Amino acid sequence: MDEKNEVSTKTPPCCGRGRIPVRVGIGLLAFLGFLTLTSTRINLSVAIVAMVRQNHSATTSITHSIECQQPTQSGTGNVTSSSLPHAYGMCGDGEGICGTRQPEARNQSEEDEHTGFPDSEKKNAQGMDWDEVTQGLILASFFHSYTFTQILGGRLAEKYGTRLIFGMCGVGSVLLSMFTPLAARTHYIALIAVRLLHGLMQGPMWPSMQVLVSRWVPPHERPRFVSAVYFGSDVSIVVTLAMCGMIIETLGWAAAFYIPGALCCIWTIFWFVFTTDSPNQHPRISQKEKAYINEAVRSSGTSSVRAKNMPWRSVFTSLPVWAIFICDIGNGFGFSLIFNQLPTFMTNILGFSIKENGLLSSLPFLCRYFGAVGSGIVSDHLVISGRLSYINARRIFCGIAMFGPATMCLAVTFAGCSAPLTVAFLCLAYFFNGAIASSQVVNVTDITPNFSGTVFGISNTFFSLAMSIVPLCAGAILQDQQTMEQWRTVFWMCIPIYIITGIFYLCFCSTTVQPWNFSGLDSMIHDTESSDTDIMARTNTQPSGCALRTIADITTDPPHCVK
């Protein structure tokens with residue numbers, strides 16, 4: 001038994017001849033927000049190459065074996081000292097991959113090839129003497145604190161609005177980005193402190209935006225909105241990698257922090273000037289569009305009254321909520337494996353240098369964005385046309401997002417030494433994974449629009465924790481055994497997690513607003529925009545046995561009744 005489309009999917013009324021709907025402008029500003037905010041946090045991964053002196057520390061003498069060896073200058077199958085930097089990238093000034101001194105220092109052209117920056121830039125840099133461990137601590141510090149403000153950010157957005165919380169993410173990012181060069185030149189501990197604060201400031205980004213979606217976007221438009229706006233972070237990776245490389249080469253590494261910070265500052269001003277938390281507060285919205293949005297979001301369970309108390313017990317005993325959490329754990333685990341480990345596999349096993357092809361570092365992210373936007377458009381069309389119910393749309397696109405990458409991981413294990421096939425499977429995995437925007441990500445606003453920020457913050461915390469586990473698991477499997485057989489084990493580890501978590505979501509997901517969504521809203525009867533009839537109409541569209549699902553219900557209510 002499928003859920004009915006509880007919200008009307010009729011075509012929205014015209015907002016005025018030649019006039020762009022205000023919610024489209026809000027979406028554009030939100031997209032630019034993800035674009036600029038993300039650029040202020042990933043620019044360090046590019047700039048640190050120019051910030052740090054080339055390491056002179058010798059490494060343990062270990063012979064690295066590339067199973068799928070590429071042709072070398074000598075024409076043999078052996079990995080020579082001259083071919084190692086080509087396969088592994090820069091390993092130190094005048095040092096080979098095994099820590100042995102090369103007979104001759106690299107010339108200017110070699111420096112450009114291996115670092116991506118001219119030799120003069122390296123000499124003009126402040127020359128921070130940071131070893132690899134220190135660099136790793138600096139790069140990872142952002143994510144250590146990023147996890148801790150996810151839930152808080154969502155809850156604050158529910159109480160004070162997305163305009164303030166998302167905007168403050170911009171204010172904090174601007175200040176910290178501008179302060180980064182000074183902190184880096186002072187001491188690496190100061191830079192770590194700045195990055196920790198940066199993580200705390202950007203933690204509320206995604207959860208707070210869920211609140212805006214629940215108040216501004218009609219339900220059948222949400223997959224399209226979420227995919228186009230949220231995955232602006234993927235576009236930002238592509239743009240920032242290219243932009244920062246050019247900035248550093250011409251203006252120096254400090255400019256790679258000042259320019260993104262300045263762009264973020266401009267966006268922040270526009271955000272506070274042109275954004276409001278609801279259509280009723282917007283001074284330039286047409287009456288037709290305002291009435292259309294209010295009717296759609298109110299019938300979907302969104303209240304204009306902000307709940308004071310969070311129903312924590314109801315949240316953590318709700319099966320539809322756990323379906324979202326479990327799916328996010330599997331998605332985070334698989335995404336981290338593909339994102340972090342596959343490039344290492346291509347270098348250490350295939351002998352392929354990603355640095356040789358700049359397009360390769362950005363193509364997967366572009367594929368993920370196109371996959372997200374494409375799935376959002378298709379999902380909206382199928383729901384509006386009546387061909388799919390909300391619940392079936394969420395299930396289908398979740399299947400694509402979870403089972404597609406699992407299939408691609410399996411394909412990688414059979415691709416052997418074919419680098420082109422491996423790259424193609426990587427891009428397809430990212431493309432399929434983009435469909436998560438039209439399923440699990442948007443599903444939060446389906447079941448609890450009033451608490452979507454907090455619930456999404458909890459879910460994203462699980463996602464981040466899952467991503468942090470993957471390097472440990474992969475490292476344990478691959479320790480001292482960089483072989484094709486061990487890498488197959490790593491990829492096989494990902495496949496069942498994708499499948500199991502995906503199946504759990506398919507069984508227990510729901511698009512029915514949960515009754516606890518209205519917890520703490522007793523004053524709703526005094527709200528001029530809502531009524532008890534509006535509230536109960538949403539929750540009573542399904543038989544009582546299917547409207548609310550908790551962990552205790554699993555033994556009494558069969559899975560086929562889950563909505």
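Computed from a predicted model, the values in this text were never measured in an experiment. If you read the sequence from its start, that first residue is 1, and numbering goes on from there.
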>> Determine whether Tyr390 and Thr512 satisfy the following criterion, side chain to side chain contact (heavy atoms under 4.5 Å, CB included), listing intermediate values before the conclusion.
In response: CA-CA 9 Å; Tyr390 282 105; Thr512 299; over 6 Å; no

> Going by heavy atoms in the side chains, are Phe504 and Cys327 under 4.5 Å from each other?
Replying inline: no

>> Tell me every residue that passes salt bridge (Lys or Arg N to Asp or Glu O under 4.0 Å) with Arg195, counting only those two or more places apart in sequence or in another chain.
In response: none

> Under 3.5 Å, side chain of Ser459 to main-chain N/O of Phe456, donor-acceptor pair present?
Replying inline: no

> Any side-chain heavy atom of Met243 sitting closer than 4.5 Å to one from Pro260?
Replying inline: yes

> Any chance CZ of Phe403 has more than 12 other-residue heavy atoms, nucleotides or ligands included, within less than 6.0 Å?
Replying inline: yes

> Do side-chain atoms of Thr36 reach the backbone of Gly33 as a donor and acceptor pair under 3.5 angstrom?
Replying inline: yes

> For Val217, does its backbone N or O pair with a side-chain atom of Arg222 as donor and acceptor, under 3.5 Å?
Replying inline: yes

> Have Thr240 and Asn43 got a donor and an acceptor in their side chains that come within less than 3.5 Å?
Replying inline: no

> Would Ser452 and Val213 satisfy side chain to side chain contact (heavy atoms under 4.5 Å, CB included), going step by step from the backbone distance to the final call?
Replying inline: CA-CA 9 Å; Ser452 58; Val213 170; over 6 Å; no

> Which heavy-atom pair separates Phe335 from Asn433 by the least distance, and what is that distance?
Replying inline: CD1-OD1, 4.0 Å

> Is the shortest distance from a Lys or Arg side-chain nitrogen in Arg215 or Asp277 to a carboxylate oxygen in the other one below 4.0 Å?
Replying inline: no

> Between Tyr146 and Phe142, how do the two ring planes meet: parallel, tilted or perpendicular, split at 30° and 60°?
Replying inline: parallel

> With a 4.5 Å heavy-atom cut-off, do Pro449 and Val297 have their side chains touching?
Replying inline: no

> Heavy atoms, side chains only, cut-off 4.5 Å: are Val513 and Thr448 in contact?
Replying inline: no

> If we only count heavy atoms from C-beta on, is the Met201 to Ser145 side-chain gap below 4.5 Å?
Replying inline: no

> Looking at side-chain heavy atoms only, is the closest gap between Arg395 and Ser439 below 4.5 Å?
Replying inline: no

>> Can you tell me how far apart CD1 (Ile329) and CD1 (Ile469) are? Round to the nearest 0.5 Å.
In response: 8.0 Å

> Does the Trp516 side chain pair with the main chain of Val315, one donor and one acceptor, at a distance under 3.5 Å?
Replying inline: no

>> Quick one: does any side-chain atom of Ser236 pair with a main-chain N or O of Gly232 as donor and acceptor, under 3.5 Å?
In response: no

> Can you list the steps and then say if Phe432 with Arg368 is a side chain to side chain contact (heavy atoms under 4.5 Å, CB included)?
Replying inline: CA-CA 7 Å; Phe432 291 139; Arg368 191 167 187 250; over 6 Å; no

> Where do Leu426 and Pro364 come nearest, in terms of heavy atoms and distance?
Replying inline: CD2-CG, 3.8 Å

> Any donor and acceptor pair, going by atom type alone, linking the side chain of Ser45 with main-chain N or O of Ile42 inside 3.5 Å?
Replying inline: yes

>> For Gly170, is there any backbone N or O sitting under 3.5 Å from a side-chain donor or acceptor partner on Ser173?
In response: no

>> I'd like to check the side-chain hydrogen bond (donor to acceptor under 3.5 Å, both in side chains) partners of Arg41; sequence neighbours left out, ordered by chain and number.
In response: none

> Are any side-chain N or O atoms of Thr149 and backbone N or O atoms of Leu200, one a donor and one an acceptor, separated by less than 3.5 Å?
Replying inline: yes

>> If the condition is side-chain contact (heavy atoms from CB on, under 4.5 Å), which residues does Leu382 pass it with, not counting sequence neighbours?
In response: Val378, Arg387, Leu388

>> Are Phe166 and Phe34, when compared by the centres of their aromatic rings, separated by less than 6.0 Å?
In response: yes

> Do Met467 and Phe462 come within less than 4.5 Å of each other through their side chains, counting heavy atoms only?
Replying inline: no

> How close do Phe397 and Ser379 get, heavy atom to heavy atom, and via which atoms?
Replying inline: CE1-CB, 3.5 Å

> Quick one: side-chain hydrogen bond (donor to acceptor under 3.5 Å, both in side chains) partners of Asp380, sequence neighbours excluded?
Replying inline: Arg224

>> Please report the interatomic distance CZ(Phe451) to OG(Ser314), rounded to the nearest 0.5 Å.
In response: 9.0 Å

>> As an exercise, state the distance from CD1 of Ile447 to OG1 of Thr445, rounded to the nearest 0.5 Å.
In response: 9.0 Å

> Judged by atom type as modelled, is there a donor-acceptor pair below 3.5 Å linking the side chain of Thr162 to the main-chain atoms of Ser208?
Replying inline: yes

> Among all residues two or more places apart in sequence or in another chain, which pass the side-chain contact (heavy atoms from CB on, under 4.5 Å) test with Ala401?
Replying inline: Ala435, Ile436

> For the atom pair CZ (Phe325) and CG (Asn460), what is the distance rounded to the nearest 0.5 Å?
Replying inline: 11.0 Å

> Who passes side-chain hydrogen bond (donor to acceptor under 3.5 Å, both in side chains) against Ser375, sequence neighbours left out?
Replying inline: Ser438

> How far apart are the closest heavy atoms of Pro405 and Ala429, and which atoms are they?
Replying inline: CG-O, 3.6 Å

> Are Phe316 and Ile458 side-chain neighbours, meaning at least one heavy-atom pair lies under 4.5 Å?
Replying inline: yes

>> Can you tell me how far apart CD (Gln150) and CG (Leu465) are? Round to the nearest 0.5 Å.
In response: 9.5 Å

>> Pair Cys473, Met493 - check side chain to side chain contact (heavy atoms under 4.5 Å, CB included), show working.
In response: CA-CA 9 Å; Cys473 297; Met493 171 185 66; 3.8 Å; yes

>> For Phe365 and Tyr430, I'd like to know if the aromatic rings sit close, meaning centre-to-centre distance below 6.0 Å.
In response: yes

> Side chain of Thr302, backbone of Ser214: donor and acceptor closer than 3.5 Å?
Replying inline: yes

> side-chain hydrogen bond (donor to acceptor under 3.5 Å, both in side chains) with Thr454: which of Gln210, Glu158, Lys159?
Replying inline: Glu158

> Hey, what do you get for CD1 (Ile503) to OH (Tyr498), rounding to the nearest 0.5 Å?
Replying inline: 14.5 Å

> If you look at every heavy atom in Phe143 and Thr147, which pair is closest and at what distance?
Replying inline: O-OG1, 3.5 Å

> What are the two closest heavy atoms between Gly27 and Val229, and how far apart are they?
Replying inline: O-CG2, 3.4 Å

